[in-house]
Structure formats: C-alpha cells, structure tokens
Chemist: 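Just passing along the structure, written as structure tokens.
Small disclaimer: the values here were computed from a predicted structure and weren't measured.
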Amino acid sequence: MTFAVVLVLHVLLTVGGANPDNGITRTAAEFAQPLALGFKDLFTPEDPKLNVLVNHGIAALFWLVARSLVLRLIRRPG
C-alpha cells in the first residue's frame with residue numbers, strides 16, 4: 001500500500017501543479033519513478049500531467065492489486 005500512496009502523492013502533486021523544484025515534490029517524484037515499473041511510458045499523451053495521471057495511476061492500481069493478492073495468499077487457510 002505504501003508504494004501506491006507514493007505514486008498517488010506524486011500524481012496529486014503533479015496534476016495539482018506543485019512546484020517541481022520543491023523538496024517534497026522532487027522527493028515524491030524520485031521515489032515514484034522506480035515504483036512505476038513499466039507503466040511509466042505505457043501511454044504517451046502529449047500533456048505531461050495527463051501522462052503522469054494515467055501511467056502512474058495504473059502503476060498505483062497494480063501495486064494495490066498485487067498487495068491484495070499477496071495478502072490473500074498469506075491468509076489462505078491450510
């Protein structure tokens with residue numbers, strides 16, 4: 001879930017127009033890039049904000065689904 005939160009934070013800061021030179025914004029972007037895996041260039045819209053929204057948003061969904069599957073396997077009876 002932490003990975004998804006980092007990605008969503010990056011999306012919110014980017015789409016919200018946060019100052020890219022701010023330390024928080026820069027740190028969120030640095031942490032989000034490797035977490036986006038192969039999704040960071042899955043779609044290539046011309047608008048950079050839309051690009052981050054779509055690609056990093058899909059990556060966040062991936063991490064939530066992956067977490068759910070792992071928890072389901074761990075909690076499996078037997």
Side-chain angles (χ1 to χ4, degrees):
M1 180 129 150
T2 304
F3 293 168
V5 169
V6 170
L7 288 161
V8 169
L9 176 64
H10 174 56
V11 168
L12 291 174
L13 290 170
T14 301
V15 172
N19 177 4
D21 294 325
N22 178 279
I24 295 170
T25 307
R26 197 173 39 239
T27 301
E30 288 172 7
F31 278 106
Q33 290 310 315
L35 297 176
L37 304 174
F39 299 105
K40 63 182 144 202
D41 61 355
L42 184 61
F43 295 99
T44 56
E46 290 187 28
D47 181 8
K49 289 182 180 182
L50 182 60
N51 187 335
V52 169
L53 175 65
V54 172
N55 293 320
H56 286 74
I58 291 171
L61 290 174
F62 164 80
W63 284 113
L64 289 174
V65 169
R67 176 185 180 268
S68 175
L69 292 174
V70 168
L71 289 176
R72 190 171 290 166
L73 287 173
I74 291 172
R75 293 180 181 158
R76 182 182 239 176

Chemist: Show the nearest heavy-atom pair for residues A60 and A4, with the distance to one decimal.
Modeler: O-CB, 3.7 Å

Chemist: Tabulate below the donor-acceptor pairs under 3.5 Å that side-chain atoms of residues 39-52 make, not counting sequence neighbours, or state none.
Modeler:
unit_1	atom_1	unit_2	atom_2	d
K40	NZ	Q33	O	3.3
D47	OD1	K49	N	3.2
N51	OD1	N55	ND2	2.5

Chemist: Quick one: does T14's side chain get under 4.5 Å of H10's, heavy atoms only?
Modeler: yes

Chemist: Quick one: do L37 and F3 end up in the same hydrophobic cluster if we chain Ile, Leu, Val, Met, Phe, Trp and Tyr together by side-chain heavy atoms under 4.5 Å apart?
Modeler: yes

Chemist: Would you name the heavy atoms of R67 and M1 that are closest together and state the gap between them?
Modeler: CD-N, 3.3 Å

Chemist: For residues 22-32, run the donor-acceptor check on the side chains, cut-off 3.5 Å, and write out each pair with its distance to 0.1 Å, sequence neighbours left out.
Modeler:
unit_1	atom_1	unit_2	atom_2	d
N22	OD1	I24	N	2.7
N22	OD1	T25	N	3.4
T25	OG1	N19	O	3.2
R26	NH1	D21	O	2.7
T27	OG1	G23	O	2.7

Chemist: Linking I/L/V/M/F/W/Y whenever any side-chain heavy atoms sit under 4.5 Å apart, do V8 and I58 land together?
Modeler: no

Chemist: Rounded to the nearest 0.5 Å, what's the gap from OG1 on T2 to CG on L9? Could you check?
Modeler: 12.0 Å

Chemist: Quick one: does any side-chain atom of W63 pair with a main-chain N or O of A36 as donor and acceptor, under 3.5 Å?
Modeler: no

Chemist: Say you draw a straight line from CG of L7 to CG of L64; how long is it, rounded to the nearest 0.5 Å?
Modeler: 9.0 Å

